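First the structure, in the form of structure tokens, and then the observations on it.
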Amino acid sequence: MKRLILAVSLLCSSALAHADLKVFACEPEWGSLAQTIGGEKVSVYNATTGLQDPHHIEGRPSLIAQVRNADLLVCTGAELEIGWLPILLQKSGNAKVQDGQPGSFMAAQQVQLLHIPVKVERSDGDVHADGNPHIQTDPRRIAQVAKALTERMAQLDSANAAHYQQGYANFNTRWQQALQGWANKTASLRGTPIVVHHKSWVYLQDWLGLQEVATLEPKPGIPPTTAHLTNVLQQLQTTPAKFVLHSAYENPRSAQWLSGKAGIPVVMLPSTVGGTPAATDLFTLFDDIIQRLTSVQG
Amino acid sequence: MQLTPTTLAITIAAALAAPAAFADTTANWQGSLIVEGIYFDSNKDEATHAEGEEEAHEHAHLPGFPAGGHDHGFREGLHAGHIEGVVSGNISDKLKARATVGILDTEDGIETELEEAFVETQGLGKGVTVKAGRFFSDVGYLSSKHNHEWDFADTPLVYKGMFGEHTNDDGVQLSYVAPTQQFVQVGTELFKGDKFPAGNSDDTVGAATVFAKTGGDIGTDHSWQAGVGHWRADSINGREGELHEHERADGSMHSVTPSFSGKSHINSVNALYKWAPNGNAKERNLKLQAEYFQRDEAGTIAMLNTDGGIERNLNYDGKQDGYYVQGVYQFRPHWRVGLRQDKLGSDNQLTQVSGAAATEHQVEATGLATEGHTPKRNTLMVDYTPREYSRLRLQFNEDNSTPETDKQVILQYTHSFGSHGAHSF
């Protein structure tokens with residue numbers, strides 16, 4: 001009997017040693033990043049798609065099962081997943097990925113956040129206490145996250161540390177080149193006034209120097225109202241905007257209404273990998289964002 | 001091990017009184033208050049309501065189902081509804097606690113109930129979670145949900161008949177999520193067994209459950225969960241039903257209370273399906289759910305007279321079952337419409353000690369008579385949720401839970417203050 005137990009436990013531990021690092025990515029941008037860095041040494045599960053609103057996900061049985069089996073959770077943090085991640089962590093019974101464990105990686109903790117509120121109150125809408133969580137629209141911040149994520153993956157799976165470092169080095173070389181290319185293409189966008197649906201583009205604005213003059217949501221997370229849209233339209237008479245932005249998962253009706261009234265084009269942008277058919281990885285995501293921004297500018 | 005709210009409170013207090021391990025305790029606390037307002041209108045004639053508590057309770061009673069579950073129906077008119085106060089927080093990195101107090105303004109005055117007060121592990125490892133204290137059972141799907149999580153203003157008839165208002169009891173729960181691609185969870189609960197349909201057990205563990213759940217996704221638009229549960233209490237010792245009064249031939253009043261001793265077993269199955277285009281439930285979604293419960297009871301019913309003496313013993317072999325099936329469709333952001341159907345059935349055998357079948361009057365006195373009626377109810381609901389913490393609901397019930405059809409209109413307003421954890425699937 002003892003021998004059998006020994007054999008079984010040896011079998012299990014050797015199986016574990018060769019198993020991939022199981023990554024649970026809350027959003028597809030982090031899944032894509034972990035896959036790019038880890039290559040064949042990781043298996044990635046994306047909890048959401050580019051067509052889903054990451055604020056509003058249900059703690060479904062499928063997600064509990066995936067968190068149960070994960071070695072590493074790669075999420076945005078900054079309360080973006082507050083409506084669903086805590087319940088997955090609670091139900092999973094997985095010790096490795098709980099808050100504060102090496103298996104819990106929050107991208108927002110690796111970069112400087114914008115729009116950190118002075119106070120958090122419901123009357124102000126869905127305001128995140130740590131700052132605006134939509135960091136993935138700034139490729140400079142993605143570079144910072146990539147570096148930190150590589151270190152974390154190397155820490156968790158030290159046997160493959162060199163592999164992750166190599167994966168990161170390859171990614172970063174390509175990324176820095178791409179950044180240069182995107183910067184060249186978007187120089188003329190600097191200072192362009194825009195209207196956005198939700199405050200999910202502040203990091204893109206920060207990177208490209210776009211000027212947000214209004215939001216379609218009266219307050220973050222509060223759906224657009226007719227009264228508010230009328231105000232925005234009036235405001236555009238004095239401070240005109242060049243176009244109105246919304247992401248792939250947002251209902252385009254309000255943006256289209258404003259577009260018709262104000263005579264400015266609507267630009268739908270993928271907020272992450274999978275948001276549009278062209279955005280298949282992080283590189284093509286920004287290629288597509290910039291293509292869409294520059295083509296509307298004409 | 002005897003688990004009572006007192007020992008639990010002491011455990012929590014001791015844990016909190018431990019040296020100031022947390023510099024900022026407020027960060028570990030979440031508190032919320034859920035406030036409900038109800039307007040209720042029923043077409044049952046006013047006279048029966050005016051006659052007071054006894055009448056009202058008798059009307060709440062489901063034919064063929066043993067009484068005992070403490071359940072308050074709605075009162076007519078505009079009232080404060082079921083208020084919930086919830087406090088939760090982390091005790092350590094592996095232990096959380098939550099307490100929920102329900103407050104209800106009834107005809108008998110303000111009633112408070114300690115609905116839940118438990119500690120629960122988080123991230124123990126290997127998929128294991130342990131819970132101890134007072135908590136709602138996971139034996140069914142709705143069994144673990146608080147009133148404000150319900151998709152209708154009231155609970156399905158089968159829950160009322162099987163468990164009374166809530167499925168909470170004092171005990172421990174052990175659950176395990178398997179390391180599989182598909183969600184598979186199994187669990188067991190050991191309860192003190194003081195609450196209906198258990199009662200007055202001499203054993204430390206008076207009631208116990210086992211349950212299993214599985215679920216998954218089909219593409220990005222569909223998700224599902226299915227579960228089975230078994231609840232049992234094998235040492236029920238004097239579970240009292242409702243006082244039964246009747247007039248004797250000579251005009252004098254006679255009253256008896258049925259008291260059941262024996263065992264009660266419940267089996268259940270439940271299924272849940274959700275649809276949301278692209279997985280974005282915020283815009284549009286559909287939720288279909290159904291649960292079936294079946295109960296077997298066997299033992300003795302002692303008919304107690306007013307001074308507690310046994311007037312008569314009856315042998316009782318009872319079967320009750322029931323289901324509800326419901327669908328809720330969010331057809332546009334913030335707006336939902338729902339339909340629900342309830343149905344119950346029973347087959348109760350009562351015999352006298354001599355072996356002869358119990359008389360019609362004796363059956364009636366036990367509170368198990370059906371009068372040939374099958375309790376049913378149809379419900380239509382519309383609700384509007386401008387924000388996730390406030391909701392206005394209008395509901396119509398065609399309630400045939402008793403032979404007399406009751407057309408009910410319920411207007412419910414629910415609002416929550418403070419921070420509150422997300423609801424489970």
Side-chain angles (χ1 to χ4, degrees), chain A residues 12 22 45-70 79 81-101 103-104 120 122-123 125-126 129 219 221-225 248-251 253 274, chain B residues 27 30 90 93-94 96 120-130 175-185 213-218 220 222-227 272 274 276-283 285 287 332-334 386-390 416-419 421-425:
Chain A
C12 288
K22 293 197 202 71
Y45 178 84
N46 286 310
T48 56
T49 73
L51 297 174
Q52 281 174 331
D53 182 347
H55 299 89
H56 300 279
I57 300 297
E58 267 199 288
R60 304 190 307 277
S62 58
L63 299 182
I64 298 170
Q66 294 298 331
V67 172
R68 158 71 172 93
N69 297 325
E79 299 185 347
E81 301 94 352
I82 198 164
W84 51 285
L85 190 55
I87 208 150
L88 299 180
L89 290 171
Q90 168 59 42
K91 299 252 175 192
S92 70
N94 182 349
K96 290 183 280 189
V97 296
Q98 301 292 329
D99 288 348
Q101 295 299 310
S104 167
V120 177
R122 273 187 183 176
S123 55
D126 293 340
K219 283 167 183 171
I222 315 274
T225 58
Y249 62 77
E250 284 158 351
N251 194 318
R253 277 186 309 235
Chain B
Q30 280 196 319
N90 299 332
D93 62 337
K94 291 245 185 278
K96 303 196 314 178
E120 184 178 28
T121 63
Q122 167 147 0
L124 206 55
K126 311 275 180 221
V128 174
T129 304
V130 182
S175 73
Y176 170 72
V177 179
T180 45
Q181 283 294 308
Q182 175 158 321
F183 173 72
V184 176
Q185 185 190 32
K213 293 171 195 207
T214 184
D217 291 340
I218 305 161
T220 54
H222 316 272
S223 51
W224 62 279
Q225 183 178 289
L272 177 69
K274 292 190 188 185
N278 283 328
N280 275 325
K282 200 188 173 190
E283 289 280 323
N285 71 77
K287 182 180 177 187
R332 56 176 294 175
H334 318 300
R387 301 296 306 276
E388 51 265 46
Y389 33 78
S390 78
S416 82
F417 302 91
S419 60
H423 295 151
S424 56
F425 186 70

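All values derive from a computational prediction rather than experimental measurement. Order of the sequence lines fixes the chain letters, A, B, ..., with proteins taken first and strands second; residue numbering starts at 1 for each chain. These numbers come from the heavy atoms of this one structure, side chains and all, not from hydrogens, waters or symmetry mates.
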Discussion item. Is it true that Lys91(A) and Gln185(B) share a donor-acceptor pair across their side chains at a distance under 3.5 Å?
Written reply: no
State, to 0.1 Å, how close [X] and [Y] come at their nearest heavy-atom pair, and which atoms those are.
X: Trp224(B); Y: Pro61(A); value: O-CG, 3.8 Å
X: Asn280(B); Y: Gln52(A); value: OD1-CA, 3.3 Å
X: Lys94(B); Y: Ala95(A); value: NZ-CB, 4.1 Å
X: Thr180(B); Y: Ala65(A); value: O-CB, 3.9 Å
X: Thr49(A); Y: Thr220(B); value: CG2-CG2, 3.8 Å

Worksheet item: Less than 4.5 Å apart, any side-chain heavy atom of Tyr176(B) and any of Arg68(A)?
Response: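 Tyr176(B) reaches Arg68(A) side chain to side chain.
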Fill in: Pairwise side-chain contact, His423(B) with Ile87(A), heavy-atom cut-off 4.5 Å (strictly under)
no
[X] versus chain A, the contacting section by heavy-atom distance below 4.5 Å:
X: Thr121(B); answer: backbone
X: His334(B); answer: side chain
X: Gln122(B); answer: both
X: Lys213(B); answer: neither
X: Val128(B); answer: backbone
X: Ala276(B); answer: neither

Fill in: Residue part contacting chain B, namely of Gln66(A), when any heavy atom lies under 4.5 Å
side chain
Practice prompt. Go through the atoms of Asn69(A) and report whether side chain, backbone, both or neither lie under 4.5 Å from a heavy atom of chain B.
Written response: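 Looking at Asn69(A), just its side chain touches chain B.
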From [X] atom [atom1] to [Y] atom [atom2], the distance as rounded to the nearest 0.5 Å:
X: Ser419(B); Y: Ile82(A); atom1: OG; atom2: CD1; answer: 8.0 Å
X: Lys282(B); Y: Glu250(A); atom1: NZ; atom2: CD; answer: 8.5 Å
X: Phe425(B); Y: Leu63(A); atom1: CZ; atom2: CG; answer: 9.5 Å

Worksheet item: Does atom CD of Gln182(B) have more than 12 heavy-atom neighbours, drawn from other residues, nucleotides or ligands, at distances under 6.0 Å?
Response: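 Atom CD in Gln182(B) is packed in, count exceeds 12.
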Worksheet entry | Any residue meeting side chain to side chain donor-acceptor pair (under 3.5 Å) with Asp99(A), in chain and number order, not counting sequence neighbours | none
Discussion item. If we define contacts as heavy-atom pairs under 4.5 Å, which of Gln101(A), His55(A), Arg60(A) has the most with chain B?
Written reply: Arg60(A)
Worksheet entry | Candidate pair Gln90(A) and Lys96(B), rule side chain to side chain contact (heavy atoms under 4.5 Å, CB included), full reasoning | CA-CA 10 Å; Gln90(A) 168 59 42; Lys96(B) 303 196 314 178; 3.0 Å; yes
Practice prompt. Give the member of Gly127(B), Ala422(B), Gly215(B) that has the highest number of heavy-atom pairs under 4.5 Å with chain A.
Written response: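 Most pairs with chain A among the choices: Gly127(B).
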